[in-house]
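Atom set for the values below is all heavy atoms of this structure, side chains included, hydrogens, waters and symmetry mates excluded.
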Amino acid sequence: MFEKVKPPAEGEKIEYREGKLIVPSNPVIPYFEGDGIGIDVVPAAIRVIDSAVEKIGKEIVWFKVYAGEEAYKIYCNYLPADTLNAIKYYRVALKGPLTTPVGGGYRSLNVTIRQVLDLYANVRPVYHLKGVPSPVKNPEKVNFVIFRESTEDVYAGIEWPRGSKEALKLIEILKRDFGVKIREDSGIGIKPISEFATKRLIRMAIRYAIENERKSVTLVHKGNIMKFTEGAFRDWGYEVAKQEFTDFCITEDELNKDFGGKQPEGKIVVKDRIADNMFQQIITRSEEYDVIALPNLNGDYLSDAAASLVGGLGIAPGSNIGDGIAVFEPIHGSAPKYAGQNKVNPTAEILTGALMLEFLGWKEASEKIKKSIEMTIEQGVVTYDLHRQIGGKLVGTREFANAVIENLNTL
């Protein structure tokens, strides 16, 4: 099954049956450090994760695989089949940041992983940790989970450069057959948004809201302009809510018309917002949003903007989830100039590990990690990025992880 890596002798495989993960007490989980600061933050995160799962009587058996520059040295391939096969087989993986190589071959390593493994939901929780500086007055009001569709929209990569025969041919077809005039010096891109991909994303978002007792699901779109792609995203989202979750969901219109604006117990409100308006809504009315579902490009923009409300990308966890398969990654980039310096903040990678534990059903361990990070920051033990804002005791990547583990052991 594998060419140049050997799975661990210990540990058991995570199974997926009847739409549910079957997680043993000692699952094998592949991981790779990726590029740049991955060599710093991933080992730090793994030590914290191991301490947390030991607290609840569990164990993770780690399986090192490769992607990025390190993989190229071994395989002459930035994303080898061994790595993809390991993730497919063991179902859950942890990764560090990746730098897409210059010069062709991949549009983006991260996008390739999502598309090849059909990880159609990029899921990013956004919440504030006490002690972390924020540009907004009440960051504690920010507590929502973003579900971004990951396989379609402009990220599908259907485009041709200015002057290419494909672009000129498409321009001619649009003019001749549809009466649409486009300048001949235009690059051309196609934006697919399908009913299938939209509905499975929103289905996952609503199920998450139900399982985690969230109050609302907001569909974010630019349907006032792009009526048959983003407008359809909105319409298909309401169809899923009304047809598949009628016992759990009401629309915002129904809330106001039938319930006088007072949300009934046990009901999730499904609503929608125009994308540009949503950017100011998450700042000025943060507490009104809970679970947010978006097409790919809008989701990319909004999730990064949302992270800024609670301290930035350096503390923002993320995940890529499909049906019975998931890869967990921090939102930040690889920052190669800091690689190997034991300097950068590992919080995003650690919280990504906490998100992974929550996905495995080990929520107690996940909560211990979040609490111990908060304790560490409140004690003033911080890496350089926070130290320059709030002062305190300046520590490196490893030392920050050590402090988190010390706090975790008190919980």
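Under the 3.5 Å distance criterion, the side-chain polar atoms of Asn122 are matched with a main-chain donor or acceptor of Ser319. Looking at Lys175, its side chain never comes within 3.5 Å of a backbone N or O of Ile182 through a donor-acceptor pair. Side-chain atoms of His387 come within 3.5 Å of backbone N or O of Gly392 as a donor-acceptor pair. For Gln263 (side chain) and Lys215 (main-chain N/O), a donor-acceptor pair under 3.5 Å exists by modelled atom type. Using a distance-only test at 3.5 Å, with no hydrogens or angles considered, no donor-acceptor pair links the side chain of Glu288 to the main chain of Thr284. Side chain of Lys95 to backbone of Val327: no donor-acceptor contact under 3.5 angstrom is found. Panel note: side chain Asp300, backbone Asn296; no donor-acceptor pair is recorded below 3.5 Å. At least one donor-acceptor pair under 3.5 Å links the side chain of Ser366 to the backbone N or O of Ala354. A donor-acceptor pair is defined here as one N or O able to donate and one able to accept, closer than 3.5 Å; no such pair exists between the side chain of Glu152 and the backbone of Thr198. The main-chain N or O of Arg398 is found under 3.5 Å from a side-chain atom of Arg47 such that the two form a donor-acceptor pair.
Atom NZ of Lys169 sits in a sparse spot, with 12 or fewer heavy atoms from other residues, nucleotides or ligands closer than 6.0 Å. Few gaps surround CZ on Phe359; more than 12 heavy atoms of other groups in view lie less than 6.0 Å from it. For CD of Glu184, the number of neighbouring non-hydrogen atoms (other residues, nucleotides, ligands) closer than 6.0 Å is 12 at most. Around the NZ atom of Lys130, the shell of radius 6.0 Å holds no more than 12 heavy atoms that belong to other residues, nucleotides or ligands. Environment of CZ in Arg183: sparse, with no more than 12 heavy atoms of neighbouring residues, nucleotides or ligands closer than 6.0 Å. Counting non-hydrogen atoms of neighbouring residues, nucleotides and ligands closer than 6.0 angstrom, the NZ atom of Lys64 exceeds 12 such neighbours.
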(request) For the pair Tyr289 and Arg273, evaluate side chain to side chain donor-acceptor pair (under 3.5 Å) and give the outcome as yes or no after the intermediate values. (result) CA-CA 11 Å; Tyr289 298 99; Arg273 298 290 183 268; 3.0 Å; yes
(request) Verify salt bridge (charged side-chain N to carboxylate O under 4.0 Å, His left out) between Asp235 and Lys227, making sure each step is shown before the conclusion. (result) CA-CA 10 Å; Asp235 295 342; Lys227 301 182 186 303; over 6 Å; no
(message) If you apply the rule salt bridge (charged side-chain N to carboxylate O under 4.0 Å, His left out), what do you find for Glu230 with Lys191, and how did you get there?
(response) CA-CA 10 Å; Glu230 303 215 8; Lys191 173 191 177 82; 2.9 Å; yes
(request) Take Ser150 and Arg114 through the side chain to side chain donor-acceptor pair (under 3.5 Å) test and state the conclusion after the steps. (result) CA-CA 7 Å; Ser150 291; Arg114 293 167 189 163; 4.7 Å; no
(request) Give the intermediate values and the outcome of ring-ring contact (aromatic ring centres under 6.0 Å, His included) for residues Tyr89 and Phe63. (result) CA-CA 12 Å; Tyr89 185 74; Phe63 176 17; 9.4 Å; no
(request) Begin with the C-alpha distance, continue with both residues' side-chain angles, and end with the deciding distance and a verdict on side chain to side chain contact (heavy atoms under 4.5 Å, CB included) for Trp236 and Ile193. (result) CA-CA 11 Å; Trp236 291 326; Ile193 291 183; 4.2 Å; yes
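In this structure, Lys370 forms a cation-pi arrangement with Tyr127, its terminal cationic atom sitting closer than 6.0 Å to the ring centre and no more than 45° off the ring axis. Phe233 does not carry Lys222 over the face of its six-membered ring by the limits of under 6.0 Å from the centre and within 45° of the normal. In this structure, Arg214 forms no cation-pi arrangement with Phe147, as its terminal cationic atom is not both closer than 6.0 Å to the ring centre and no more than 45° off the ring axis. Lys343 forms no cation-pi arrangement with Tyr338, by the criterion of a distance under 6.0 Å to the ring centre and an angle within 45° of the ring axis.
Taking CD1 of Ile331 as the reference point, atom CG of Leu313 lies at 6.0 Å (rounded to 0.5 Å). A distance of 11.5 Å separates CD1 of Ile74 from CG of Asn77, quoted to the nearest 0.5 Å. Put simply, CG on Asp153 and CD1 on Ile190 are 13.0 Å apart, with the number rounded to the nearest 0.5 Å. Separating the CG atom in Leu302 from the CD1 atom in Ile146 is a distance of 5.0 Å, to the nearest 0.5 Å. Distance CE/Met356 to CG/Leu94: 5.5 Å, rounded to 0.5 Å. In this structure, Thr83 OG1 and Leu117 CG are separated by 10.5 Å, a value rounded to the nearest 0.5 Å.
Checked against ring pair (Phe, Tyr, Trp, His ring centres under 6.0 Å), Tyr16 has no partners two or more places apart in sequence or in another chain. For the side chain to side chain donor-acceptor pair (under 3.5 Å) test, residues two or more places apart in sequence or in another chain that qualify with Asn277 are Gln280. With sequence neighbours left out, the side chain to side chain donor-acceptor pair (under 3.5 Å) criterion links Lys368 to no other residue. Taking the side chain to side chain donor-acceptor pair (under 3.5 Å) definition, one finds that Asp40 meets it with nothing, sequence neighbours left out. Residues satisfying the side chain to side chain donor-acceptor pair (under 3.5 Å) test with Asp272, not counting sequence neighbours, are His221, Arg234, Tyr238.
Counting heavy atoms from C-beta outward, Ile282 and Val142 have side chains that stay 4.5 Å or more apart. Looking at Thr151 and Arg200, their side chains come closer than 4.5 Å, going by heavy atoms from C-beta outward. Within the 4.5 Å cutoff, the side chain of Leu394 has no heavy atoms near those of the Glu399 side chain. Looking at heavy atoms from C-beta onward, Tyr78 lies out of side-chain contact with Leu98 at the 4.5 angstrom threshold. Put simply, the side chain of Asn212 reaches to within 4.5 Å of the side chain of Glu358, judged on heavy atoms. Using a 4.5 Å cut-off on side-chain heavy atoms (C-beta onward), Thr99 and Glu69 make no contact. Residues Ile373 and Ile350 form a side-chain contact, since some pair of their non-hydrogen atoms from C-beta on lies under 4.5 Å apart. No side-chain heavy atom of Tyr90 sits less than 4.5 Å from a side-chain heavy atom of Val65.
Asn110 and Ser108 form no side-chain donor-acceptor contact under 3.5 Å, judged by distance and modelled atom types alone. If you check the side chains of Glu287 and Asn138, you find no donor sitting under 3.5 Å from an acceptor. With hydrogens and angles left out, the side-chain atoms of Asn407 and Thr376 include a donor and acceptor closer than 3.5 Å.
Screening Val42, Asn345, Val344, Thr397 for a side-chain contact (heavy atoms from CB on, under 4.5 Å) involving Ile37 leaves a single residue, Val344. Exactly one residue among Asp323, Ile321, Ile325 makes a side-chain contact (heavy atoms from CB on, under 4.5 Å) with Leu119. That residue is Ile325.
The heavy-atom pair separating Gly353 from Ile49 by the smallest distance is CA-CD1, 3.5 Å. Among all heavy-atom pairs drawn from Ile56 and Ala365, the shortest one is CD1-CB, 3.7 Å.
Comment: Arg124 engages Asp304 in a salt bridge, judged by a side-chain N to carboxylate O separation of less than 4.0 angstrom.
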Would you be so kind as to tabulate the donor-acceptor pairs closer than 3.5 Å made by side chains of residues 22-32, with sequence neighbours excluded?
none

